[in-house]
Amino acid sequence: MRTLILDNEAVQALSQPGHDKHRSVVAHLAGVVTRRRKGSAVSVVVPTAVRVEAAWDRSDPRVPYVNRFRVLDRRLDTPAANLAAGILGRTGVSVADAHIGAVAQTLTGDVVILTSDPRDMLRVSAPRSIRAVRI
């Protein structure tokens, strides 16, 4: 199983067609769709703290483009909040980035994070091995 995690800028780029990184994110999601059609188990997730930071309201009718991709929420529940709090204390990153790290650390299989800051994603995900792809 492969999981693609979107960071704040990836969500913003996806939701704004005029964003300079929009095409890059759409291309990555198109790759996910292709892999799914070929039978690969691939999921795309966004930590809910990232959705808040990126101001992605799934009920907003002005962003139907984003909602057509099958992007699953990963909630900031009690266990994730505890893990994210430790990451935040250790690294000093934002709450959203700490939540990304908590999600990455609890997933199984290959984890890829679409991000504007691969170095931070490697730090928050440690000791878990992930692939951080710069958008």
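Treat the numbers as computed from the prediction; the structure is a model and nothing was measured.
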Are [Y] and [X] linked, directly or through intermediate hydrophobic residues, by side-chain heavy-atom contacts shorter than 4.5 Å (ILVMFWY only)?
| X | Y | answer |
| --- | --- | --- |
| Leu122 | Leu114 | yes |
| Val71 | Val52 | no |
| Val25 | Val44 | yes |
| Leu29 | Leu72 | yes |

TODO: Could you pull out all residues at least two apart from Thr108 that satisfy side chain to side chain donor-acceptor pair (under 3.5 Å)?
DONE: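 Partners of Thr108 by the side chain to side chain donor-acceptor pair (under 3.5 Å) criterion come out as none, since no residue qualifies.
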Open item on the list: Among residues at least two apart in sequence or on other chains, which ones pass side chain to side chain donor-acceptor pair (under 3.5 Å) with Ser40?
Closed with: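 For Ser40 there are no side chain to side chain donor-acceptor pair (under 3.5 Å) partners, ignoring immediate neighbours.
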Open item on the list: Checking Val93 against Arg123 for the side-chain contact (heavy atoms from CB on, under 4.5 Å) test, could you report, in this order, the C-alpha distance in whole Å, the side-chain angles of both residues, the deciding distance, and whether it holds?
Closed with: CA-CA 9 Å; Val93 297; Arg123 282 190 320 133; 3.4 Å; yes
Open item on the list: For Val111 and Arg128: C-alpha separation, side-chain torsions, deciding distance, then whether side-chain contact (heavy atoms from CB on, under 4.5 Å) applies.
Closed with: CA-CA 9 Å; Val111 174; Arg128 173 107 168 56; 3.3 Å; yes
What's the spacing between [X] [atom1] and [Y] [atom2] if we round to 0.5 Å?
| X | Y | atom1 | atom2 | value |
| --- | --- | --- | --- | --- |
| Ile135 | Arg23 | CD1 | CZ | 15.0 Å |
| Arg119 | Asp117 | CZ | CG | 7.5 Å |
| Arg35 | Arg37 | CZ | CZ | 13.0 Å |
| Leu83 | Thr78 | CG | OG1 | 12.5 Å |

- [ ] Keeping the roles fixed (side chain from Asp7, backbone from Ile113), state whether a donor-acceptor pair exists under 3.5 Å.
- [x] no
Task: Expected output: side-chain Arg36 to main-chain Val42 donor-acceptor under 3.5 Å - done: yes
Please tabulate, for side-chain N and O atoms in residues 94-107, each donor-acceptor pair with protein atoms closer than 3.5 Å (sequence neighbours left out).
{"unit_1": "Ser94", "atom_1": "OG", "unit_2": "Asp97", "atom_2": "N", "d": "3.1"}
{"unit_1": "His99", "atom_1": "ND1", "unit_2": "Ala49", "atom_2": "N", "d": "3.4"}
{"unit_1": "His99", "atom_1": "NE2", "unit_2": "Arg74", "atom_2": "O", "d": "3.4"}
{"unit_1": "His99", "atom_1": "NE2", "unit_2": "Arg75", "atom_2": "O", "d": "3.4"}
{"unit_1": "Gln105", "atom_1": "NE2", "unit_2": "Val124", "atom_2": "O", "d": "2.9"}
{"unit_1": "Gln105", "atom_1": "NE2", "unit_2": "Ala126", "atom_2": "O", "d": "3.0"}
{"unit_1": "Thr106", "atom_1": "OG1", "unit_2": "Ala102", "atom_2": "O", "d": "3.2"}
{"unit_1": "Thr106", "atom_1": "OG1", "unit_2": "Val103", "atom_2": "O", "d": "3.0"}

Open item on the list: My understanding is that only residues two or more places apart in sequence, or in another chain, count here; which of them pass side-chain contact (heavy atoms from CB on, under 4.5 Å) with Arg51?
Closed with: Val46, Trp56, Arg58, Asp73
Below 3.5 Å, can you tabulate the donor-acceptor pairs from side chains in residues 10-18 to any protein atom, sequence neighbours excluded?
{"unit_1": "Gln12", "atom_1": "NE2", "unit_2": "Asn8", "atom_2": "OD1", "d": "3.0"}
{"unit_1": "Ser15", "atom_1": "OG", "unit_2": "Val11", "atom_2": "O", "d": "3.1"}
{"unit_1": "Ser15", "atom_1": "OG", "unit_2": "Gln12", "atom_2": "O", "d": "3.2"}

Open item on the list: Does any part of the side chain of Ser43, heavy atoms only, come nearer than 4.5 Å to the side chain of Arg70, both counted from C-beta?
Closed with: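 In short, these two side chains do not touch, never coming nearer than 4.5 Å.
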Open item on the list: Is any side-chain heavy atom of Pro118 closer than 4.5 Å to one of Val133?
Closed with: no
Open item on the list: Evaluate Val45 against Leu4 for side-chain contact (heavy atoms from CB on, under 4.5 Å), listing each step before the verdict.
Closed with: CA-CA 6 Å; Val45 301; Leu4 178 67; over 6 Å; no
- [ ] With side-chain contact (heavy atoms from CB on, under 4.5 Å) as the test, would you mind laying out the steps for Val112 and Ile130 before giving the verdict?
- [x] CA-CA 6 Å; Val112 178; Ile130 58 106; over 6 Å; no
Task: All pairs passing ring-ring contact (aromatic ring centres under 6.0 Å, His included) where residues 22-53 contributes a residue, at least two apart - done: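 Non-adjacent pairs meeting ring-ring contact (aromatic ring centres under 6.0 Å, His included): His22-Tyr65.
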- [ ] Search all heavy atoms of Ala132 against all heavy atoms of Met121 and return the closest pair with its distance.
- [x]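 It is CB-CB, 4.2 Å.
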